[in-house]
Amino acid sequence: MTVPSPYAERLSRLPVRRDEVEVGGGTTAYWVYGPEDAETTVIAVHGFRGDHHGLEAVLAFLPEVRVIAPDLPGFGETEPLPDREHDLDAYAGWLTEFAGAVAPGAVILGHSFGSIVTSAAVAGGLKTPRLILVNPIGAPALEGPKGVMTRLAVLYYALGARLPERLGTALLRNRVIVRVMSVTMAKTKDAALRRFIHDQHDTYFSLFSDRDVLRDAFVASVSHDVREFADDIHVPTLLIAAERDDITPIEAERTLATRFDDATLVEIAHVGHLIHYETPAEAAGAIRRFLRIPVERGR
């Protein structure tokens, strides 16, 4: 990372430690933010191609909460799951085992692809008192406002998987293509913030273990959405949606909210699929209200 984070000062106040745990036959790396004796613990699952760094800006505005942020298998510093396809069942099973190992009964949070993984896990039996979905994938990606872009992405990942390994991996890590993705998703007109967002993607978007894992995870991300699991989720659920999301239009998010037994929908204006970078304070405020955490003076 070469561009300073606009949230660096807040992040510097948070205690953080790195740890590892054996899950699903492999080693999962995770980071613990905030006070160890906090009343509330949240397990936060990042989105496709990213790693735990992507949610740090939101965590910076939740200093009273203990947040456990793992890297998904095959991304960041977490090993791939051995000898199996990295499909949605694999990720949901991994999350259920991870939560049981490090923080049974924690609140579960997922961003983007993480919203699908967390919803599948909770619907499948992962015990949690509350579920938080940020930029939830509330409709098929191929049907969203940027459906054409999604179809191009399908071709891109398919080509990356079929080319000779060295060439295919180079294509999937191509900085120009990563930048196009970043520019497409960013909505802010703040030049400094845009530079930070692009630098985050440049730094962390290509830290996948291999192209097979990346292909599997991409297929899982575009083959499923949260609607599949909403009817089987019976805990209070917070949906933090963006009014300009190119992947799931806000109308679809409003419909999605009606599918849950007990859902709260918070809509954030002037932002797209990067709530976690562009409006983390607003997202954290919604989370604080949902978890009934008072604002501490001086924060």
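Keep in mind it's a predicted model, so treat the numbers as computed, not measured. Positions are given from 1, in the same order as the sequence printed here.
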Listed once per pair and sorted, the ring-ring contact (aromatic ring centres under 6.0 Å, His included) pairs that draw on residues 66-95, sequence neighbours left out | His86-Tyr91, Tyr91-Phe113, Trp94-Phe98
Single-linkage hydrophobic cluster Val219~Leu163, side-chain heavy atoms < 4.5 angstrom | no
Do Glu77 and Trp31 come close enough that some side-chain heavy atom pair is under 4.5 Å?
-> yes
Derivation and outcome, side chain to side chain contact (heavy atoms under 4.5 Å, CB included), residues Leu193 and Ile197 | CA-CA 6 Å; Leu193 182 54; Ile197 291 169; 4.1 Å; yes
Of all heavy-atom pairs between Ala29 and Glu20, which one has the smallest distance, and what is that distance?
-> CA-CG, 4.3 Å
Is a donor on one side and an acceptor on the other found under 3.5 Å between the side chain of Glu97 and the backbone of Gly24?
-> yes
Between CG of Leu131 and CG of Leu109, what distance do you get to the nearest 0.5 Å?
-> 8.0 Å
Looking just at side-chain N and O atoms, do Thr27 and Glu22 make a donor-acceptor pair shorter than 3.5 Å?
-> yes
Distance-only donor-acceptor pairs under 3.5 Å for side chains of residues 229-241, two or more places apart:
from, atom 1, to, atom 2, distance (Å)
His234, ND1, Asp261, OD2, 2.5
Thr237, OG1, Val235, O, 3.0

Is there a donor-acceptor contact under 3.5 Å linking the side chains of Arg227 and Thr255?
-> no
Mind checking what makes side-chain hydrogen bond (donor to acceptor under 3.5 Å, both in side chains) contact with Glu228, not counting sequence neighbours?
-> His224
With a 4.5 Å heavy-atom cut-off, do Ile68 and Val42 have their side chains touching?
-> no
Crowded around Glu36 CD? As in, over 12 foreign heavy atoms under 6.0 Å?
-> yes
Do Thr169 and Arg211 have a side chain donor and acceptor closer than 3.5 Å?
-> no
CZ of Arg162: more than 12 outside heavy atoms within 6.0 angstrom?
-> no
Could Arg173 and Phe208 be counted as a cation-pi pair, given that NZ or CZ must be under 6.0 Å from the ring centre and within 45° of the axis?
-> yes
Would you find more than 12 non-hydrogen atoms of other residues, nucleotides or ligands less than 6.0 Å from Glu165 atom CD?
-> no
In the single-linkage hydrophobic clustering (I, L, V, M, F, W, Y; side-chain heavy atoms under 4.5 Å), do Val183 and Ile275 co-cluster?
-> no
Verdict with reasoning, Thr41 to Val65, per side chain to side chain contact (heavy atoms under 4.5 Å, CB included) | CA-CA 6 Å; Thr41 295; Val65 180; over 6 Å; no
Using a 4.5 Å cut-off on heavy atoms from C-beta on, say whether the side chain of Val226 contacts that of Leu256.
-> yes
Would you indicate whether the side-chain heavy atoms of Lys187 and Lys189 approach each other to under 4.5 Å?
-> no
Do Arg254 and Glu267 come within less than 4.5 Å of each other through their side chains, counting heavy atoms only?
-> yes
Return yes when atom CZ of Arg166 has more than 12 non-hydrogen atoms of other residues, nucleotides or ligands closer than 6.0 Å, and no otherwise.
-> no
With Glu282, which residues qualify under side-chain hydrogen bond (donor to acceptor under 3.5 Å, both in side chains), at least two apart?
-> none
Residues 50-61 side chain polar contacts: donor-acceptor under 3.5 Å, at least two apart:
from, atom 1, to, atom 2, distance (Å)
Asp51, OD1, His53, N, 3.0
Asp51, OD1, His53, ND1, 3.0
Asp51, OD2, His53, ND1, 3.3
His52, ND1, Asp71, OD1, 2.9
Glu56, OE2, Tyr33, OH, 2.6

Nearest-0.5 Å distance, OG of residue Ser119 to CG of residue Leu133 = 4.5 Å
Considering only heavy atoms from C-beta outward, does the side chain of Val45 approach that of His111 to under 4.5 Å?
-> no
To the nearest 0.5 Å, atom NE2 of His201 lies from atom CG of Leu274 at 5.5 Å
Closest non-hydrogen atoms of Pro73 and Thr78, given as atom of the first, atom of the second and distance, are CA-CG2, 3.5 Å
Can you list every pair that meets ring-ring contact (aromatic ring centres under 6.0 Å, His included) and has a residue in residues 152-188, with sequence neighbours left out?
-> Phe48-Tyr157, Tyr157-Phe218
Under a 4.5 Å side-chain heavy-atom rule over Ile, Leu, Val, Met, Phe, Trp and Tyr, are Phe290 and Val134 clustered together?
-> yes
Among Val266, Ile132, Thr40, whose side-chain contact (heavy atoms from CB on, under 4.5 Å) with Ile287 holds?
-> Ile132
Of all the heavy-atom pairs spanning Pro35 and Pro63, show the shortest one and how long it is.
-> CD-O, 3.2 Å
For atom CZ of Arg84, decide whether the heavy atoms of other residues, nucleotides or ligands shown that lie under 6.0 angstrom number more than 12.
-> yes
Straight-line distance of Ser182 OG to Arg179 CZ, nearest 0.5 Å | 6.5 Å
List the atom of Ala120, the atom of Ala92, and the distance in Å for their closest heavy-atom pair.
-> CB-CB, 4.0 Å
Yes or no on side chain to side chain contact (heavy atoms under 4.5 Å, CB included) for Leu95 and Ile43, after CA distance, side-chain angles and deciding distance?
-> CA-CA 9 Å; Leu95 176 59; Ile43 294 176; 4.2 Å; yes
Spatial distance of atom OG1 (Thr96) from atom CG (Leu126) [nearest 0.5 Å] = 4.5 Å
Heavy-atom neighbours of Arg292 CZ exceed 12 at 6.0 Å | no
Shortest non-hydrogen contact between Ala106 and Thr128, atoms and distance | O-OG1, 2.7 Å
Do Ser112 and Asn135 get their side chains close enough for a donor-acceptor pair, meaning under 3.5 Å?
-> no
For the residue pair Pro70 and His46, what are the closest heavy atoms and their distance?
-> O-CD2, 3.4 Å
Shared hydrophobic cluster for Met185 and Ile250 (ILVMFWY, side-chain gaps under 4.5 Å) = no
May I have the step-by-step check of side chain to side chain contact (heavy atoms under 4.5 Å, CB included) for Val32 and Arg66, ending in yes or no?
-> CA-CA 7 Å; Val32 182; Arg66 177 175 177 252; 3.9 Å; yes
Rounding to 0.5 Å, atoms CG (Leu214) and CG (Leu172) come to a distance of 5.5 Å
Salt bridge Asp246-Arg244, side-chain N to carboxylate O under 4.0 Å = no
Heavy-atom distance under 4.5 Å between the side chains of Gln200 and Tyr277, does that happen here?
-> yes
Is any side-chain heavy atom of Ile137 less than 4.5 Å from a side-chain heavy atom of Ser221?
-> no
Are the side chain of Asp19 and the backbone N or O of Tyr30 linked by a donor-acceptor pair below 3.5 Å?
-> no
